[in-house]
Number of protein chains: 2
Amino acid sequence: MKKDLTSEIKTELKERLHDKDLKLTHPREVIAEKILSAKAGEHFSADELWEKLRKTAKGVSKATVYRTLNLLVEKKIVEEHDFGKGQKYYERMVERPHHDHLICVQCGRIVEFENAEIERLQEVIARESGFKLSYHSHKLFGACPRCRSRRQA
Amino acid sequence: MKKDLTSEIKTELKERLHDKDLKLTHPREVIAEKILSAKAGEHFSADELWEKLRKTAKGVSKATVYRTLNLLVEKKIVEEHDFGKGQKYYERMVERPHHDHLICVQCGRIVEFENAEIERLQEVIARESGFKLSYHSHKLFGACPRCRSRRQA
DNA sequence: GTCGATGCAAACGATTTGCAGTGGA
DNA sequence: TCCACTGCAAATCGTTTGCATCGAC
């Protein structure tokens, strides 16, 4: 199982990197494995990822973590988010449908949402202004159910 | 005209600041004047604002510009935006209806939009997840009409 | 007179970069 | 072999902060 996933990743990565004269190095392999084996919808910062990798026998430098993350964002393997916490957060996008986020301003919890009607309206809005959309960022900030009830208590 | 605006600002500011034991100092006055006299929908960085103020007889320190901007954001007099340009941008919100933004990824031009249906749907989404919304950020990135035609040429 | 506000310069912190050495293809 | 990649440390850069002084109320 693990073995399959790993070799799948390698093949996938090699393919995606190869046509741009990019090499599949050990650090990239280790980073990609860690990211792709994370559970869906998990958001992590570059530093958090680095911390996780540091514990592994073969550590990876922080600079390489940043460089590789930027590479993976470019390759659409991960997505970059700014939740207003002063640092960027990342999320794997392989085999994940597009979605946007609800963010709790009190505890930081993040919930995903997707709404076809909003997606459609965005296209309408863009068309009206003559824009050709390439991507969007839609974040709703507020208090999550847990924090709301805690506050009432 | 100018005189009226100025005293109006002073009164307004004094009012808004007073109940929190905040003082209406000269730097705050100068900064507020500059911001409120800017044309609607103008986006500026802290540094740009500071540059403008520097030319004035009475300069203001950059630290104070930052501190005052944060104060004005808190007081809902200006709004803070992150357009992914590596620095924060501000926009006066006094006498301005809520709106979101279309951002050109090529030239950086910003166009406003507002859509009641999307606003409504956001509330529906929040309700479904049990969130109580306090604010949101909705940004559409793409190529503006100008850049699209330039690219075709 | 008080205490909040200011200016200055130093501190911060996430991210990037220069460079010499390393290792995929 | 060749050139992209890596690790390390230093550099960046927008923003914040410590502290002595200043000034609004």
Side-chain angles (χ1 to χ4, degrees), chain A residues 9-11 13-34 43-54 56-75 78 80-90, chain B residues 9-11 13-34 43-54 56-75 77-78 80-90 108:
Chain A
I9 291 162
K10 279 193 195 176
T11 313
L13 258 187
K14 216 169 219 163
E15 256 172 40
R16 295 213 195 190
L17 297 177
H18 200 47
D19 46 319
K20 301 254 174 155
D21 292 320
L22 299 174
K23 293 174 185 170
L24 179 58
T25 60
H26 182 67
R28 283 179 179 172
E29 218 176 297
V30 174
I31 292 171
E33 264 174 37
K34 183 62 79 181
H43 300 90
F44 51 89
S45 66
D47 198 71
E48 282 164 7
L49 176 58
W50 177 70
E51 274 299 341
K52 278 189 203 164
L53 292 170
R54 212 152 68 96
T56 314
K58 285 262 180 186
V60 176
S61 79
K62 196 175 275 196
T64 296
V65 171
Y66 275 103
R67 281 189 279 233
T68 304
L69 279 171
N70 287 336
L71 180 70
L72 296 177
V73 167
E74 214 178 291
K75 297 270 167 292
V78 310
E80 186 181 286
H81 299 296
D82 182 351
F83 294 129
K85 297 183 188 175
Q87 61 191 311
K88 292 173 185 168
Y89 281 82
Y90 300 87
Chain B
I9 292 162
K10 278 193 196 175
T11 313
L13 259 186
K14 214 170 221 162
E15 257 173 39
R16 295 212 195 193
L17 298 177
H18 199 48
D19 46 318
K20 300 253 176 159
D21 291 319
L22 299 174
K23 293 174 186 170
L24 178 57
T25 59
H26 181 67
R28 285 179 179 172
E29 218 176 297
V30 173
I31 291 172
E33 266 174 36
K34 183 63 79 182
H43 301 90
F44 51 89
S45 66
D47 198 72
E48 282 164 7
L49 177 57
W50 176 70
E51 274 299 341
K52 277 189 204 165
L53 293 169
R54 211 151 68 96
T56 314
K58 285 262 178 184
V60 177
S61 80
K62 196 175 275 196
T64 296
V65 169
Y66 276 102
R67 281 189 278 233
T68 304
L69 278 171
N70 287 336
L71 180 71
L72 296 177
V73 166
E74 213 178 291
K75 295 270 165 291
I77 294 170
V78 310
E80 188 181 283
H81 299 297
D82 182 351
F83 295 129
K85 297 182 188 174
Q87 62 191 312
K88 291 173 185 167
Y89 281 82
Y90 300 87

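Chain identifiers are assigned alphabetically (A, B, ...) following the order of the sequence lines, protein sequences preceding nucleic acid strands; residue numbering begins at 1 within each chain. Values in this document were obtained by computation on a predicted structure and should not be read as measured data. Reckoned from all heavy atoms, side chains included, excluding hydrogens, waters and symmetry mates.
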Next item on the list: Find which nucleotide of DNA chain D each of A:His26 and B:His26 is nearest to by heavy atoms, and output the residue with the more 5' nucleotide.
Entry: A:His26

Check: Nearest to the side chain of B:Tyr66 - D:dC5, D:dT16, D:dC25?
Finding: D:dT16

Item checked: Any B:Ser61 side-chain nitrogen or oxygen under 4.0 Å from OP1 or OP2 of C:dC8 -> no

Check: What are the two closest heavy atoms between B:His81 and B:Phe83, and how far apart are they?
Finding: CB-CZ, 3.5 Å

Next item on the list: Let me know the distance between CD of A:Gln87 and P of D:dT15, rounded to the nearest Å.
Entry: 16 Å

Next item on the list: Would you mind reading off the distance between B:Leu71 atom CG and C:dT6 atom C1', rounded to a whole angstrom?
Entry: 14 Å

Next item on the list: Provide the closest heavy-atom pair for A:Val30 versus A:Leu53 in the form atom of the first, atom of the second, distance.
Entry: CG1-CD2, 3.5 Å

Next item on the list: Write down the distance between CD (A:Glu51) and C1' (C:dA14), rounded to a whole number of angstrom.
Entry: 15 Å

Note to self: Testing the basics here: between B:Thr64 and B:Pro27, what is the closest heavy-atom pair and its distance to 0.1 Å?
What the structure shows: CG2-CB, 3.9 Å

Checklist line | Interatomic distance where NZ belongs to A:Lys85 and P belongs to C:dG13 [whole Å] | finding: 18 Å

Notebook entry, point to check: Tell me: NZ of B:Lys23 to P of C:dT2, nearest whole Å?
Noted result: 13 Å

Notebook entry, point to check: Where the side chain of B:Val60 is defined as all heavy atoms beyond and including C-beta, which of D:dT6, D:dC5, C:dG7 is the nearest nucleotide?
Noted result: C:dG7

Notebook entry, point to check: Any side-chain N or O of A:Thr25 under 4.0 Å from OP1/OP2 of D:dT6?
Noted result: yes

Item checked: Nearest-angstrom distance from the residue atom NZ of A:Lys62 to C1' of D:dA9 -> 13 Å

Note to self: So B:Asn70, base contact, sugar-phosphate only, or nothing? Heavy-atom distance under 4.0 Å.
What the structure shows: sugar-phosphate

Item checked: For A:Arg28 against A:Lys23, the heavy-atom pair lying closest together -> NH1-O, 2.7 Å

Checklist line | Rounded distance in Å - CD (B:Glu74) to P (C:dG4) | finding: 15 Å

Notebook entry, point to check: Rounded to the nearest Å, what distance is computed from the CD atom of residue B:Glu29 to the P atom of nucleotide D:dG23?
Noted result: 15 Å

Item checked: Candidates C:dG7, D:dT15, D:dA9 - which lies nearest the side chain of A:Ala63 -> D:dA9

Checklist line | Qualifying residue for side-chain contact (heavy atoms from CB on, under 4.5 Å) with A:Glu80, from A:Asn70, A:Leu72, A:Leu69 | finding: A:Asn70

Item checked: 5' priority, DNA chain D, between B:Tyr89 and A:Pro27 [closest heavy atom] -> A:Pro27

Item checked: Shortest side-chain distance from B:Leu24, nucleotide among C:dG7, D:dC25, D:dT15 -> D:dC25

Notebook entry, point to check: Would you say the base of D:dG7 and the side-chain of A:Arg67 have a donor-acceptor pair closer than 3.5 Å?
Noted result: yes

